[in-house]
Number of protein chains: 2
Amino acid sequence: MRSREFLGHHELMVMLAVLRLGRDAYGVPIAAEIAQRTGREMLQGSVYAILERLESKGLVTSRLGEATPQRGGRAKRYFALTAEGSRQVRETQRALEALWHGLTKTAGAKP
Amino acid sequence: MRSREFLGHHELMVMLAVLRLGRDAYGVPIAAEIAQRTGREMLQGSVYAILERLESKGLVTSRLGEATPQRGGRAKRYFALTAEGSRQVRETQRALEALWHGLTKTAGAKP
DNA sequence: CATTTAATCAATGATAATGAAGAAAATAGG
DNA sequence: CCTATTTTCTTCATTATCATTGATTAAATG
């Protein structure tokens with residue numbers, strides 16, 4: 001197994017968005033949450049591709065919801081993190097913060 | 001231009017390591033710093049590949065040092081962030097923290 | 001010439017970006 | 001009713017970029 005040691009950047013972002021959205025985590029709002037919070041757009045095609053990859057790696061699960069009574073209210077596919085997914089998110093956060101710690105203020109100050 | 005919107009994960013880590021190391025930022029210690037802080041090894045081949053890519057994107061610069069009077073003390077190639085590199089590091093940090101903010105404690109609590 | 005430290009290469013695999021197309025549901029107009 | 005259109009959500013195909021690996025080259029000293 002060619003184990004990637006860390007989550008990809010976008011993988012992490014998608015998982016964080018899923019966490020934030022809780023039971024409302026499906027494709028469209030996930031992309032919107034990322035766009036809104038980071039200020040940069042992430043195309044839906046990317047989001048879905050990432051979600052599929054994450055699911056195939058066992059980091060998220062999905063369940064199909066029911067249609068809602070509103071125009072265009074077709075069934076949504078809801079996502080949630082698995083235990084392993086949560087673990088990897090924490091682990092990645094930890095690794096980044098370790099490199100980052102104490103650096104926040106100097107990150108732009110180059111002599 | 002097919003502009004990646006965010007730095008890759010490893011790109012970010014390498015740049016943070018360069019910042020931490022300051023004037024001692026060359027290949028070997030960069031890899032060591034990452035390994036030590038994150039607890040995961042990053043092969044030197046990877047580090048150099050990433051540094052080259054970053055340089056070609058104008059996010060880091062390099063200068064060749066002189067040989068030092070010690071066994072195997074061949075000339076080192078020192079790296080530093082450019083202004084644009086610093087900017088992108090800050091920007092990526094900001095984006096991640098925005099998604100992450102307020103979530104640290106719940107990142108493992110799934111009902 | 002053996003050893004040490006540092007840097008580079010070549011080849012492959014994994015991740016991400018993009019734009020468009022497809023599928024399911026609800027309203028509207030006849 | 002019933003079918004056409006609109007809305008929302010998802011999937012697909014293609015191409016580009018990023019990352020991994022292990023070996024190799026290079027330059028210095030003992």
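All chains are named by letter (A, B, ...) in the order of the sequence lines, taking the proteins before the strands, and each is independently numbered beginning at 1.
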May I have the distance from [X] (atom [atom1]) to [N] (atom [atom2]), rounded to whole angstrom?
X       : N      : atom1 : atom2 : result
A/Gln44 : C/dA16 : CD    : C1'   : 16 Å
A/Phe79 : D/dC9  : CZ    : C1'   : 11 Å
B/Gln88 : D/dC18 : CD    : P     : 11 Å
A/Phe6  : C/dA14 : CZ    : P     : 18 Å
A/Lys76 : C/dA23 : NZ    : C1'   : 14 Å
B/Asp24 : C/dA6  : CG    : P     : 10 Å
A/His9  : C/dA17 : NE2   : P     : 11 Å
B/Lys57 : D/dC18 : NZ    : C1'   : 8 Å

(Q) Mind checking if A/Arg77 touches a base, just sugar-phosphate, or nothing, with heavy atoms under 4.0 Å? (A)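 Sugar-phosphate, backbone atoms only, no base.
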Q) Base, sugar-phosphate, or nothing for B/Gly45, non-hydrogen atoms under 4.0 angstrom? A)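 Contact class for B/Gly45: base.
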Q) Does the C/dA6 base have a donor-acceptor partner in the side chain of B/Arg74 within less than 3.5 Å? A) yes
Q: Examine C/dA17: is either OP1 or OP2 under 4.0 Å from a nitrogen or oxygen in the side chain of A/His10? Give yes or no.
A: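 Checking C/dA17 against A/His10, a side-chain N or O does come within under 4.0 Å of OP1 or OP2.
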Q: Return no unless some side-chain N or O of B/Tyr48 is found under 4.0 Å from OP1 or OP2 of C/dA7.
A: yes
Under 3.5 Å, sequence neighbours excluded: what are the donor-acceptor pairs made by side chains of residues 63-76 of chain B?
| residue | atom | partner | partner atom | Å |
| --- | --- | --- | --- | --- |
| B/Thr68 | OG1 | B/Gln70 | NE2 | 3.4 |

Pairs under 3.5 Å (N/O, protein and nucleotides 3-7 of chain D):
| residue | atom | partner | partner atom | Å |
| --- | --- | --- | --- | --- |
| D/dT6 | O4' | A/Arg71 | NH2 | 2.8 |

Closest to side chain of [X], choosing from [options]:
X       : options                : value
B/Arg53 : D/dA28, D/dA19, D/dT11 : D/dA19
B/Glu11 : C/dA16, D/dT11, D/dA19 : D/dA19
A/Tyr26 : C/dA6, D/dA19, D/dC9   : D/dC9

Q.
Going by the rule salt bridge (charged side-chain N to carboxylate O under 4.0 Å, His left out), which residues pair with B/Glu84 if we only count those two or more places apart in sequence or in a different chain?
A.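 For B/Glu84, the residues satisfying salt bridge (charged side-chain N to carboxylate O under 4.0 Å, His left out) (neighbours in sequence not counted) are B/Arg87.
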Q. What residues form a salt bridge (charged side-chain N to carboxylate O under 4.0 Å, His left out) with A/Glu91, not counting sequence neighbours?
A.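 In terms of salt bridge (charged side-chain N to carboxylate O under 4.0 Å, His left out), with neighbours along the sequence ignored, A/Glu91 is linked to A/Arg94, B/Arg40.
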**Q.** Residue met sooner reading DNA chain C from 5', once B/Ser46 and A/Leu43 are mapped to nucleotides
**A.**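 The answer here is B/Ser46.
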Q) When hydrophobic residues are tied together by side-chain contacts of less than 4.5 Å, even through go-betweens, does B/Val60 share a cluster with B/Leu21? A)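 Linked, B/Val60 and B/Leu21 end up in one cluster.
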Q | Residue pairs involving residues 43-76 of chain A (criterion ring-ring contact (aromatic ring centres under 6.0 Å, His included); sequence neighbours excluded) | A | none
Q | Worked verdict on A/Phe6 versus A/Gln88 for side chain to side chain contact (heavy atoms under 4.5 Å, CB included) | A | CA-CA 8 Å; A/Phe6 301 98; A/Gln88 289 206 20; over 6 Å; no
Q: Using ring-ring contact (aromatic ring centres under 6.0 Å, His included) as the criterion, list what pairs up with A/Tyr78, not counting sequence neighbours.
A: A/Tyr26
